[in-house]
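Read the structure below first, then the notes.
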Amino acid sequence: EAGVAQSPRYKIIEKRQSVAFWCNPISGHATLYWYQQILGQGPKLLIQFQNNGVVDDSQLPKDRFSAERLKGVDSTLKIQPAKLEDSAVYLCASSLGATITDTQYFGPGTRLTVL
Amino acid sequence: AQSVTQLDSQVPVFEEAPVELRCNYSSSVSVYLFWYVQYPNQGLQLLLKYLSGSTLVKGINGFEAEFNKSQTSFHLRKPSVHISDTAEYFCAVKVRGAQKLVFGQGTRLTINP
């Protein structure tokens with residue numbers, strides 16, 4: 001079974017530029033998550049989708065971050081404009097559902113460096 | 001709001017020695033507890049989880065953890081580590097009724113030969 005796919009794996013941009021990350025979850029997984037992992041910290045949930053609807057985006061900086069999952073399958077996370085403090089690894093995860101017994105499976109992440 | 005504290009940012013041990021990675025949580029309601037491992041340049045992988053029942057939980061790769069409600073702890077242990085256990089370990093909590101995982105800051109386990 002294929003895991004969670006993410007691209008690109010690495011991205012270097014200058015501040016004020018825009019960037020987009022792509023995630024393809026495990027086939028059949030209804031729930032998709034985007035996390036931000038700053039160096040030396042644990043992952044922080046940015047947004048959670050259930051199919052193509054948003055369940056939780058309380059920690060998403062909506063003035064510059066946006067995410068969509070239009071067909072309930074793959075998802076895109078965008079930052080526009082980027083700031084230095086956005087340098088982090090962006091992790092995508094998916095689970096079959098959102099119940100407590102549903103395990104989250106993580107992709108390898110996209111490492112973003114903002115100069 | 002719930003929070004997770006991993007008491008050690010780095011733990012160096014010798015190969016075949018035992019190891020304990022400490023995790024404490026704070027929450028006013030019932031919680032579910034998880035340990036994830038992150039190998040270099042990879043995503044997180046679930047090691048084990050406590051949902052209910054026996055407080056001693058066994059996971060993959062010979063790891064186990066014990067839920068202690070009175071001490072609000074969920075420490076991870078392995079009796080004999082291997083070089084391949086070198087990784088970052090994250091403790092996480094989910095509050096009953098909520099869907100969000102809250103992670104600790106991680107503990108880097110380094111195994112010396």
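Each chain gets a letter, A, B and so on, in the order the sequences are listed, and its residues count up from 1.
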- request: Determine whether more than 12 heavy atoms belonging to other residues, nucleotides or ligands lie under 6.0 Å from atom CG of A:Leu39.
  value: no
message: Quick check on A:Lys71: does its NZ atom have over 12 non-hydrogen neighbours (other residues, nucleotides or ligands) under 6.0 Å away?
response: no
task: With a 4.5 Å cut-off on heavy-atom pairs, point out which of B:Phe103, B:Phe34, B:Phe90 contacts chain A the most.
output: B:Phe103
message: Counting heavy-atom pairs closer than 4.5 Å to chain A, which one of B:Glu88, B:Lys100, B:Lys94 comes out on top?
response: B:Lys100
- request: Heavy-atom pairs under 4.5 Å with chain B are the metric here; pick the option from A:Gln37, A:Lys44, A:Gln6, A:Arg111 that has the most.
  value: A:Gln37
message: Counting heavy-atom pairs under 4.5 Å with chain A, which one of B:Gln42, B:Gln38, B:Gln6, B:Arg108 comes out on top?
response: B:Gln38
field: Most contacts with chain B, counted as non-hydrogen pairs under 4.5 angstrom, among A:Leu91, A:Val89, A:Thr103
entry: A:Thr103
- prompt: Mind checking whether B:Leu56 and B:Val19 sit in one hydrophobic cluster, side chains of I, L, V, M, F, W, Y counted as touching below 4.5 Å?
  reply: no
query: Any donor and acceptor pair, going by atom type alone, linking the side chain of A:Arg9 with main-chain N or O of B:Asn41 inside 3.5 Å?
result: yes
ILVMFWY network linking B:Ile60 to B:Leu76, side-chain heavy atoms under 4.5 angstrom: yes
message: Taking atom CD as the centre, does B:Glu16 end up with more than 12 heavy-atom neighbours from other residues, nucleotides or ligands that are less than 6.0 angstrom away?
response: no
query: If every non-hydrogen atom of B:Lys49 is compared with every non-hydrogen atom of A:Thr101, which pair is closest and at what distance?
result: NZ-O, 3.4 Å
message: If I take atom CD from residue B:Gln45 and atom OH from residue A:Tyr105, how far apart are they, to the nearest 0.5 angstrom?
response: 10.0 Å
message: Using heavy-atom distances under 4.5 Å, tell me whether A:Gln48 contacts chain B through its side chain, its backbone, both, or neither.
response: side chain
message: Using heavy-atom distances under 4.5 Å, tell me whether A:Gln59 contacts chain B through its side chain, its backbone, both, or neither.
response: side chain
- request: May I ask whether B:Trp35 and A:Phe106 are part of the same hydrophobic cluster, defined by side-chain heavy atoms of I, L, V, M, F, W, Y residues being less than 4.5 angstrom apart, directly or through others?
  value: no
field: Rounded distance (nearest 0.5 Å) linking atom CG of B:Leu46 with atom CD of A:Gln104
entry: 9.5 Å
query: Relative to chain A, which segment of B:Leu44 carries a heavy atom at a distance below 4.5 Å: side chain, backbone, both, or neither?
result: both
query: Under 6.0 Å from the CD atom of B:Glu15, do we count more than 12 heavy atoms belonging to anything else shown?
result: yes
task: State yes or no: do A:Val54 and A:Phe65 share one hydrophobic cluster built from I, L, V, M, F, W and Y residues joined by side-chain heavy-atom distances below 4.5 Å, directly or via other members?
output: yes
- request: Indicate if B:Phe67 and B:Phe63 have the same hydrophobic cluster label, given that clusters are the connected sets of ILVMFWY residues with side-chain heavy-atom separations under 4.5 angstrom.
  value: yes
- prompt: Are B:Leu101 and A:Tyr35 close enough that some pair of their side-chain heavy atoms sits under 4.5 Å apart?
  reply: yes
